[in-house]
**Q** 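One structure follows; several queries about it will come next.
Proteins get letters first, then strands, A, B, ... in listed order; numbering begins at 1 in each. Computed from a predicted model, the values in this text were never measured in an experiment.
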Amino acid sequence: MRLATWNVNSIRSRADRVAAFLQRHDVDVLALQETKCRDDQFPEMMFDALGYEVAHVGHSQWNGVAILSRVGLEDVEIDFPGQPCWSGGGAGVADQQTEARALGATCGGVRVWSLYVPNGRTLTDPHYTYKLEWLAALRATAGDWLAKDPEAQVALVGDWNIAPQDDDVWDMSAFAHSTHVSAPERAAFRAIVDAGFADVVRPFAPGPGVYTYWDYVRLRFPRREGMRIDFILGSPALAARASRALIDREERKGKGASDHAPVIVELAD
DNA sequence: ATGGTAGCGATGCTA
């Protein structure tokens, strides 16, 4: 089974690229982040026609996560248990709906979670605290899943908005006092790895200089100034099946590219 | 040169 994840930065503006990507790489399951649309706006028919079932959650033009699968799509959940709500929008505005940042479904025997971790914005922003709480809640919940079933086939995939190692950015000095590389964020990521979820892509795509994201501005892509922030983490039973993996850097090229490249792993039967 | 790009949706917000 071939499993991929991709922050598409709007599914409506990139549906053609997504369809071409699915076919080019013969992908079975694709997790998407930043679809930037409501459920009723998702171009579902296009993927229907290619043989994929679609699950999506999106409440507005922000966030939005989806899973496309041609090997079954069952037991869809929006939100993971304990997922925090964003409550930094101001006192008095009580909107308790969680943001559209997590979607789970069972595809071909694998419990797949498409995750869009909060960005954090700056180290002093309430959004940064929210990011750390969000990751801590995910760690607690995912740890419970493995405690209940150590053999579970679970994939935690998506845009983590964290560069776990210094090699995961082009120049650490450019990230002094910024998010994505701070010690608390890296500790939150490591806690999920320590809970039993391994990066199944890095062994097949070692750094340095291997990235999944390049800012649109300042010629980051041609200058090869990127960040590795998109990951496929697998439970022990899932990680044992990883036979190859790649980051599709070609997809970042040309007009109409997302600022993120897709990440793919091949899982042995 | 204190900038620049992209997307949504309506002017500023998010990344």
**Q** Between B/dG12 and B/dA1, how far is it from one P atom to the other, in whole Å?
**A**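 Going atom to atom, P in each nucleotide, I get 28 Å.
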
**Q** Going by atom types only, do A/T5 and A/Q33 share a side-chain donor-acceptor pair under 3.5 Å?
**A**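 Looking only at side-chain atoms, A/Q33 and A/T5 do form a donor-acceptor pair, the distance falling under 3.5 Å.
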
**Q** Rounded to the Å, how far apart are A/R220 CZ and B/dG3 P?
**A** 15 Å

**Q** Looking only at heavy atoms, what is the nearest atom pair of A/V54 and A/F42, with distance?
**A**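 Heavy atoms of A/V54 and A/F42 come nearest at CG1-CE2, 3.6 Å.
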
**Q** Atom CG of A/L219 to atom C1' of B/dG4: distance rounded to whole Å?
**A** 9 Å

**Q** Grab the two heavy atoms, one from A/A205 and one from A/R228, that are nearest each other, plus how far apart they are.
**A** O-NH2, 2.7 Å

**Q** Between A/R218 and A/T35, which residue's closest nucleotide on DNA chain B lies nearer the 5′ terminus?
**A** A/R218

**Q** Taking all atoms of both residues into account, what is the closest heavy-atom pair of A/L246 and A/R244, and its distance?
**A** CD2-NH2, 4.0 Å

**Q** As a quick check of understanding, evaluate side chain to side chain contact (heavy atoms under 4.5 Å, CB included) for A/W145 and A/W113, giving each step before the final call.
**A** CA-CA 13 Å; A/W145 294 334; A/W113 281 91; 3.1 Å; yes

**Q** Does the side chain of A/E34 come under 3.5 Å of the side chain of A/N7 through a donor N or O and an acceptor N or O?
**A** yes

**Q** Can you tell me how far P of B/dC8 sits from NE2 of A/H59, to the nearest Å?
**A**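 Distance, rounded to whole Å: 18 Å.
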
**Q** Across the strands shown, which category fits A/R14 at heavy-atom distances under 4.0 angstrom: base, sugar-phosphate, nothing?
**A** sugar-phosphate

**Q** Between B/dG7 and B/dG3, how far is it from one P atom to the other, in whole Å?
**A** 23 Å

**Q** Between A/Q61 (CD) and B/dA10 (P), how many Å, whole number?
**A**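 Value for this atom pair: 8 Å.
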
**Q** Pick the P atom in B/dC13 and in B/dT2, then give their distance to the nearest Å.
**A** 22 Å

**Q** Within the sub-3.5 Å range, which N or O atoms of nucleotides 13-15 of chain B have a protein N or O partner, and how far apart are they?
**A**
{"residue": "B/dA15", "atom": "OP2", "partner": "A/R121", "partner atom": "NE", "Å": "2.8"}

**Q** Would you kindly give the CZ-to-C1' distance between A/R223 and B/dT5, to the nearest whole Å?
**A** 14 Å

**Q** Test A/F80 against A/W134 for ring pair (Phe, Tyr, Trp, His ring centres under 6.0 Å), laying out the working first.
**A** CA-CA 10 Å; A/F80 60 80; A/W134 204 94; 5.1 Å; yes

**Q** If you compare every side-chain N and O of A/S10 against the phosphate oxygens of B/dC8 (OP1, OP2), does one of them come in below 4.0 Å?
**A**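 The answer is yes; a side-chain N or O of A/S10 sits under 4.0 Å from OP1 or OP2.
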
